[in-house]
Amino acid sequence: GAGVSQSPRYKVAKRGQDVALRCDPISGHVSLFWYQQALGQGPEFLTYFQNEAQLDKSGLPSDRFFAERPEGSVSTLKIQRTQQEDSAVYLCASSSTSGGNTQYFGPGTRLTVL
Amino acid sequence: KNEVEQSPQNLTAQEGEFITINCSYSVGISALHWLQQHPGGGIVSLFMLSSGKKKHGRLIATINIQEKHSSLHITASHPRDSAVYICAVPDNYGQNFVFGPGTRLSVLP
């Protein structure tokens with residue numbers, strides 16, 4: 001069956017541009033997570049949705065980062081006025097439930113800000 | 001916040017060698033996950049374990065809940081095992097993960 005998909009796979013942005021990253025979770029999965037993974041490091045939590053509700057956004061590094069999941073399925077992570085330090089792989093994961101159960105990861109979007 | 005450490009950070013092995021990757025964490029948990037990340041970013045879940053040992057093919061994962069330590073072993077390593085291996089534990093609220101920094105494994109033919 002289809003797994004988690006993300007688009008685009010690669011994005012190059014000029015500093016100051018806005019970008020939007022898309023995540024299509026596994027159909028029926030209620031939980032959706034966004035992570036940021038800098039080069040050579042493990043993923044770092046950004047934000048978490050249960051259905052359309054954003055239950056935790058404590059990991060978003062600044063108010064330039066915004067995530068939404070308006071219909072409880074597809075999610076978009078938006079970064080405004082991108083900075084070089086935003087360069088990273090942005091991973092999306094979904095889970096059928098919350099509570100530390102298995103998360104299924106997408107392939108990630110590699111963002112490079114020049 | 002649960003702090004997760006892994007060792008070694010980088011590991012190079014010859015094909016056929018037995019490999020061990022270690023993970024330790026600071027706060028007691030109900031279960032720990034081992035993940036495999038290939039170049040290009042895709043992450044695959046290998047194991048979720050809460051006690052004892054699990055085996056899947058050439059991969060073995062063990063956990064000692066009292067010592068807050070887990071190990072991932074690869075027997076008869078192969079170049080296709082080359083990847084970053086990450087351990088992850090639930091955060092304080094149990095709804096999300098805290099990830100270790102990863103161990104980069106290269107298996108040479």
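Any value given below was found using the heavy atoms of this structure, including those in side chains, with hydrogens, waters and symmetry copies removed. Chain naming here is simple, since letters A, B, ... match the order of the sequence lines and numbering starts at 1 in each. Because the structure is predicted, anything quoted here is derived from the model rather than measured.
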Checklist outcome for this item: By residue number, those in residues 10-19 of chain B with heavy atoms under 4.5 Å from heavy atoms of chain A are none
Item to check | Same apolar cluster: B/Leu46 and B/Ile63, side chain cutoff 4.5 Å | outcome: yes
Checklist entry - Out of curiosity, A/Gln41 CD to B/Ile86 CD1, how far, rounded to the nearest 0.5 Å? => result 11.0 Å
Checklist entry - Pairs in or reaching into residues 65-83 of chain B: which pass salt bridge (charged side-chain N to carboxylate O under 4.0 Å, His left out), with residues at least two apart or in two chains? => result B/Arg58-B/Asp81
Checklist entry - Do other residues, nucleotides or ligands put more than 12 heavy atoms under 6.0 Å from A/Leu39 CG? => result no
Checklist entry - Got a sec, which residues hit side-chain hydrogen bond (donor to acceptor under 3.5 Å, both in side chains) with B/Thr62, two or more places apart in sequence or on another chain? => result none
Item to check | Same cluster (ILVMFWY, side-chain, under 4.5 Å), A/Leu60 and A/Val113 | outcome: yes
Next on the checklist: With side-chain contact (heavy atoms from CB on, under 4.5 Å) as the criterion, how do B/Val44 and A/Phe105 come out once you've worked through the C-alpha distance, each side chain's angles and the decisive distance to 0.1 Å?
Outcome noted: CA-CA 7 Å; B/Val44 174; A/Phe105 285 83; over 6 Å; no
Checklist entry - Atom CD in A/Gln103, atom NE2 in B/His33: separation rounded to 0.5 Å? => result 7.5 Å
Item to check | A/Tyr35 and B/Phe99: CA distance, side-chain angles, deciding distance, ring-ring contact (aromatic ring centres under 6.0 Å, His included) verdict | outcome: CA-CA 10 Å; A/Tyr35 299 95; B/Phe99 295 84; 4.9 Å; yes
Checklist entry - Cluster question for you: counting only ILVMFWY and a side-chain heavy-atom cut-off of under 4.5 Å, with indirect links fine, are A/Leu77 and A/Val74 together? => result no
Next on the checklist: Side-chain heavy atoms nearer than 4.5 Å, only ILVMFWY residues, links allowed to pass through others: does that put A/Tyr48 and A/Phe66 together?
Outcome noted: no
Next on the checklist: Please output the residues of residues 70-79 of chain B in contact with chain A, using a heavy-atom cutoff of under 4.5 Å, in numerical order.
Outcome noted: none
Next on the checklist: Are A/Val4 and A/Leu21 connected into the same hydrophobic cluster when the rule is that any two of I, L, V, M, F, W, Y join if their side-chain heavy atoms are below 4.5 Å apart?
Outcome noted: no
Checklist entry - Measuring from A/Tyr104:OH to B/Ile43:CD1, what's the distance to the nearest 0.5 Å? => result 14.5 Å
Next on the checklist: Walk me through whether A/Gln37 and B/Val84 qualify under side-chain contact (heavy atoms from CB on, under 4.5 Å).
Outcome noted: CA-CA 13 Å; A/Gln37 186 176 24; B/Val84 176; 5.8 Å; no
Next on the checklist: Taking every non-hydrogen pair under 4.5 Å, which of A/Ala93, A/Pro43, A/Gly42 racks up the most with chain B?
Outcome noted: A/Pro43
Next on the checklist: Take a 6.0 Å sphere around CD of A/Gln83 and say whether it holds more than 12 heavy atoms from other residues, nucleotides or ligands.
Outcome noted: yes
Checklist entry - Is the number of heavy atoms from other residues, nucleotides or ligands within 6.0 Å of CD (A/Glu85) greater than 12? => result yes
